[in-house]
Amino acid sequence: MRIPAALALVLCLAWPAHSVIIDSGDGTGNTGAPAGPPGDPGWAHVGIRGGTNVVYVGNGWVLSANHVGVGDVFFDEVRYPPAEGAVKIRLSNPGGGPQPDLAVWQIDPSPPLPILPINAELNISGAEAILIGQGRDRGAEILVGNKRIGYEWGGPKTMRWGTNQVSGYATVFSTESIYTNFSDGSPQATTDEAQAANGDSGGAVFVDNGGGWELAGIMFAITTGSGCTQI
């Protein structure tokens, strides 16, 4: 299976992202596939590997951050072990050089899921995005005076989705990446404004290409304040 080398994501820019934090409501929602707008981009394709995530792309292959180790994965609570003799294949950057934080391996049997559409556009800045991952839940608000500047990370980990927009591009840990910023109350904030937290590594980022949702990134890194997701 051909995987575009640019398929990578850094969120809010640079620690390894070992639940998607959402700004809407009390932060506990969006724990199942989106039922209405913006629509389901591929909830069932995001599986659990230990305390992190993988994405099933089709034909028995899963894609994840390279720092997520090979092992049993779970889709809809069903266990899928690595195929016999399976090894993790780390992807390469065009032109060589240091390898990005992306890898694939095979599982057997394959889950009953279709091949996942993968975005091949070179410029998706400003595109609507849906983030899906099983990371830390949202904790308490962090206030400076009366202004909320972010959230602490909660204790449990929950598979959750949220929305954002692609803000731009960067190279982080030798990985060509897109990134998002966590906004609150600003004109660019989305309805379920989201950002990654510890535990979201290997989770999926989908973008709307105008004709449907496509996989555009794998969560692998974040920048935060001290144990919090900053707005």
Side-chain angles (χ1 to χ4, degrees), residues 7-22 27-33 42-57 61-83 86-91 100-108 111 113 116 130-140 150-162 164 172-173 175 177 179-180 182 194-206 215 217-230:
L7 184 68
L9 177 85
V10 59
L11 292 161
C12 202
L13 294 178
W15 296 346
H18 289 264
S19 151
V20 169
I21 302 292
I22 58 173
T28 63
N30 299 1
T31 57
W43 174 270
H45 285 76
V46 183
I48 296 172
R49 165 70 189 118
T52 53
N53 310 266
V54 299
V55 179
Y56 182 71
V57 292
W61 289 92
V62 294
L63 172 67
S64 190
N66 181 66
H67 66 265
V68 172
V70 174
D72 293 349
V73 299
F74 290 82
F75 293 94
D76 195 23
E77 300 185 350
V78 177
R79 171 180 166 268
Y80 295 89
V87 294
K88 182 172 64 175
I89 302 172
R90 189 169 184 177
L91 303 187
D101 193 1
L102 286 170
V104 295
W105 71 88
Q106 286 185 292
I107 56 175
D108 186 30
L113 295 168
L116 196 62
I130 292 182
L131 291 60
I132 301 177
Q134 176 217 218
R136 293 287 185 90
D137 289 342
R138 194 179 90 185
Y151 297 100
E152 294 180 356
W153 289 341
K157 292 182 177 181
T158 307
M159 188 72 75
R160 179 173 285 113
W161 65 270
N164 210 310
V172 179
F173 303 142
T175 309
S177 313
Y179 66 89
T180 62
F182 194 40
Q195 194 62 291
N198 182 276
D200 281 317
S201 286
V205 176
F206 297 90
L215 182 66
I218 295 296
M219 291 185 273
F220 74 95
I222 53 177
T223 284
T224 69
S226 238
C228 68
T229 292
Q230 290 193 330

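Atom set for the values below is all heavy atoms of this structure, side chains included, hydrogens, waters and symmetry mates excluded.
In this structure, K88 contributes its side chain and A103 its backbone to no donor-acceptor pair below 3.5 Å. A donor-acceptor pair is defined here as one N or O able to donate and one able to accept, closer than 3.5 Å; such a pair exists between the side chain of S64 and the backbone of N53.
We find the CH2-CG distance between W105 and L63 to be 9.0 Å, quoted to the nearest 0.5 Å. From I48, atom CD1 reaches atom CG of D76 across 10.0 Å, with rounding to the nearest 0.5 Å. Distance CG/N66 to OG1/T175: 9.0 Å, rounded to 0.5 Å. Considering CZ of R138 and OG1 of T158, their distance stands at 12.5 Å, rounded to 0.5 Å. Within the model, atoms CE of M219 and OG1 of T52 stand 11.0 Å from one another, a figure rounded to the nearest 0.5 Å.
Residues satisfying the side-chain hydrogen bond (donor to acceptor under 3.5 Å, both in side chains) test with D72, not counting sequence neighbours, are R79. Taking the side chain to side chain contact (heavy atoms under 4.5 Å, CB included) definition, one finds that A33 meets it with D40, W43, sequence neighbours left out. For D101, the side-chain hydrogen bond (donor to acceptor under 3.5 Å, both in side chains) partners are H67, not counting sequence neighbours.
For the pair V54 and F75, the minimum side-chain heavy-atom distance is below 4.5 Å. In this structure, the side chains of F220 and P100 stay at 4.5 Å or more apart for every pair of heavy atoms.
Considering every non-hydrogen atom in both A194 and G162, the closest pair reads CB-CA, 3.4 Å. Taking both residues in full, the closest heavy atoms of P111 and I107 are given as CD-CD1, 3.7 Å, listed atom of the first, atom of the second, then distance. The nearest pair of heavy atoms linking A86 to Q106 is CB-O, 3.6 Å. For L102 against I218, the heavy-atom pair with the smallest separation is CD2-CB, 3.7 Å. Contact between I132 and M159 at its shortest, heavy atoms only, is CG2-SD, 4.0 Å.
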